[in-house]
Amino acid sequence: MSPADEAMERARQMRDKAKELNEAAERAGDPQERKRLQQKAARLKQQSEQESSMGSGDIYPSL
């Protein structure tokens, strides 16, 4: 597997995990827990976008 393929796979895994966290946040009864899960999902999604950019050869991360 090439480094670009590995980066794309990591990005996909992070997006999947972010989706799971968002779903868990929807089910959370505690507002603080919901917020914590949503924030963690947002961070993972941002990281996955950066991994995708780097894997595709884009040297400038999205802001």
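Fair warning: this is a prediction, and the values are worked out from it, not measured in the lab. Count residues from 1 along the sequence.
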Inset, instruction - Could you walk me through whether Glu33 and Arg36 pass the side-chain contact (heavy atoms from CB on, under 4.5 Å) test, one step at a time? - result: CA-CA 5 Å; Glu33 179 70 3; Arg36 185 187 70 78; 2.8 Å; yes

Say you draw a straight line from [atom1] of [X] to [atom2] of [Y]; how long is it, rounded to the nearest 0.5 Å?
X: Lys35; Y: Gln32; atom1: NZ; atom2: CD; value: 8.5 Å
X: Arg34; Y: Gln39; atom1: CZ; atom2: CD; value: 13.0 Å
X: Glu49; Y: Met14; atom1: CD; atom2: CE; value: 10.5 Å
X: Leu21; Y: Arg43; atom1: CG; atom2: CZ; value: 9.5 Å

Inset, instruction - Can you see which heavy atom on Ala18 is nearest to which on Lys45, and at what distance? - result: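 Minimum heavy-atom contact is CB-N, 4.2 Å.
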
Inset, instruction - Check side chain to side chain contact (heavy atoms under 4.5 Å, CB included) between Asp16 and all other residues, then give those that pass, not counting sequence neighbours. - result: Arg12

